[in-house]
There are 2 protein chains.
Amino acid sequence: MDPARIVISPSTASQVHDWLRKRVQRGDLPPGMRVSETEVAAAIGISRQPVREAFIRLASDGLAEVRPQRGTYISRISVSAVLSARFIREAVEADLARAVALARPADILDRMADEIACQHRADHAAKVEDFIESDDRFHRLLAQAAGQDAVWSDLERLKAQMNRLRHLSMRVFDRSFTIGQHQAILDALCDGNPDAAETATRAHLRQMLTEVPQMAAAQPDYFTD
Amino acid sequence: MDPARIVISPSTASQVHDWLRKRVQRGDLPPGMRVSETEVAAAIGISRQPVREAFIRLASDGLAEVRPQRGTYISRISVSAVLSARFIREAVEADLARAVALARPADILDRMADEIACQHRADHAAKVEDFIESDDRFHRLLAQAAGQDAVWSDLERLKAQMNRLRHLSMRVFDRSFTIGQHQAILDALCDGNPDAAETATRAHLRQMLTEVPQMAAAQPDYFTD
DNA sequence: TATGCCATACTTCCATACTAGTGAAGCATA
DNA sequence: TATGCTTCACTAGTATGGAAGTATGGCATA
């Protein structure tokens, strides 16, 4: 038997944490919403303690805010946090793109093309969730192609706030435009042109600079800073 | 009275977390060491629950590993995590350096020069802690000078593993060499030369590429991956 | 000697009870 | 009406006991 298939059953607290995190990221639990240890515990049918520990983890993720003796609230989306995460992504992915344009690993570039096709399909079918997941895979593949898979894992922690915003914005903004930018990046990579790849990547990620203020203005209750 | 001076007394759990985190980063609690809820609680004179919650936070920081029904251990330093954090820092600080070289905010450049002087003093006095703190301030000023203070806060989370390694390596490697690299960066910034600033920054951060394997080879028990 | 079983002493995890801080509603007072 | 006080329901924080899982050493057995 494959030793990797032996999984220790995860604790209640970490299961609750996973559940809450997904709900926050998808926007089911909107920014500013109050959550209560007691209520969540009662809803699940467990004691307060595991829920409390899940809240602590959620706070570490920057997705919740525990105010002692007052209550726990889903964090509002910090505009400055999103912008600084965006800055970091631009710098990092620009370097990744340069590296990939030089290495040009055929198999991974093929898979990136597959993802773009997937994004076209999701766009036409108006499946926002599918689109976002494929978008993530596309960027992850970029890191993988540069032999820096671990880098993407680190970025994901920073992306927590960005992800929530994306679930709002993807319903509003033109997805086909995003796909075009992905295609431009891939074209430059396949051409083996580092400068063009970097330029296309930076242009793609700077798109957010115009979108974030619009989102924040449209739903000010969800944002802070 | 200044409203900012009103501080709500932090919970026991978060105080324990701060205390443990500092001890891990300084190397007082070495990688691989076993820690126990019961023992820590008894040592401080409190119940197990706050200690347990501190452990959860520590695990979120990537500094500890809680193994259910088995024990809690201080994380070994992940070589790949350090390298990917380094990759991210190089990309980000290269962009920051370019921006600063164009803006050239005189006041902050002065403070960077002050930090270099501080590093000389700490080096001669062999005060490792002082040196590391000034090193951090130098890099934070770089972000500040680019108007991206929040970026440095994000990087600090990634630096958790790197920091521990630094407390080991700073005792070993030539600190005056590091100071020289800082000076080269600052010179390029003051010259208003973005290309030179980027080059100097990248060279500085690539230094780690040679140091990490040496550290890992010297103390294999402290590392993993 | 080698193997398998079991008692035991740990560990974290969860449930429960209690403490202490917060805030809002109600009421008395000026 | 406006102000200040009390009360009370509710919050998160902490203490403690016990449940469930794990590792280890001793001992009987082959």
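Chain letters run A, B, ... following the sequence lines, proteins first and then strands; every chain starts at 1. As the structure is a computational prediction, the values presented were derived from the model and not from experiment.
Judged as a salt bridge (Lys or Arg N to Asp or Glu O under 4.0 Å), and not counting sequence neighbours, the contacts of A/D136 are A/K159, A/R166. In this view, B/R86 and B/E90 satisfy the salt bridge (Lys or Arg N to Asp or Glu O under 4.0 Å) rule, not counting sequence neighbours. Legend: residues meeting salt bridge (Lys or Arg N to Asp or Glu O under 4.0 Å) with A/D123, ordered by chain and number and at least two apart, are A/R175. Residues passing the side-chain contact (heavy atoms from CB on, under 4.5 Å) test with A/S134, sequence neighbours excluded: A/E115, A/C118, A/Q119, A/R137. Legend: residues meeting salt bridge (Lys or Arg N to Asp or Glu O under 4.0 Å) with A/R89, ordered by chain and number and at least two apart, are A/E93. With sequence neighbours excluded, the residues satisfying ring-ring contact (aromatic ring centres under 6.0 Å, His included) with A/F138 are A/H182.
Rounded to an integer number of Å, the gap from OH of A/Y73 to C1' of D/dC10 is 11 Å. Atom P of nucleotide C/dG23 and atom CZ of A/R70 are separated by 5 Å, given to the nearest angstrom.
Atoms CG and CD1, on B/L205 and B/I185 in that order, are 6.5 Å from each other to the nearest 0.5 Å.
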Atom pairs, N/O to N/O, protein against nucleotides 14-17 of chain D, distance under 3.5 Å?
unit_1 : atom_1 : unit_2 : atom_2 : d
D/dT14 : OP1    : B/T12  : N      : 2.6
D/dT14 : OP1    : B/T12  : OG1    : 2.5
D/dA15 : OP2    : B/S47  : N      : 2.9
D/dA15 : OP2    : B/S47  : OG     : 2.4
D/dA15 : O5'    : B/S47  : OG     : 3.1
D/dT16 : O4     : B/Q49  : OE1    : 3.4
D/dG17 : O6     : B/R48  : NH2    : 2.6

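Taking only distance into account, the side chain of A/Q69 never meets the base of C/dT22 through a donor-acceptor pair shorter than 3.5 Å.
The stretch residues 32-44 of chain A comes close to DNA chain D through A/R34, A/V35, A/S36, A/E37, each having a heavy atom under 4.0 Å from the strand.
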Under 3.5 Å, which donor-acceptor pairs link side chains of residues 18-35 of chain B to any protein atom two or more places apart or in another chain?
unit_1 : atom_1 : unit_2 : atom_2 : d
B/Q25  : OE1    : B/N163 : ND2    : 3.1
B/R34  : NH2    : B/R70  : O      : 3.0

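Here salt bridge (charged side-chain N to carboxylate O under 4.0 Å, His left out) pairs that include residues 40-65 of chain A, with residues two or more places apart or in two chains, are A/E37-A/R48, A/E37-A/R52, A/R52-B/E53, A/E53-B/R52. Screening residues 145-154 of chain A for salt bridge (charged side-chain N to carboxylate O under 4.0 Å, His left out) gives A/R140-A/D149 as the qualifying pairs, with residues at least two apart or on separate chains.
An end-to-end axis angle of 0° holds for the helix from C/dT1-D/dA30 to C/dA30-D/dT1, taken from five base pairs per end and rounded to 10°.
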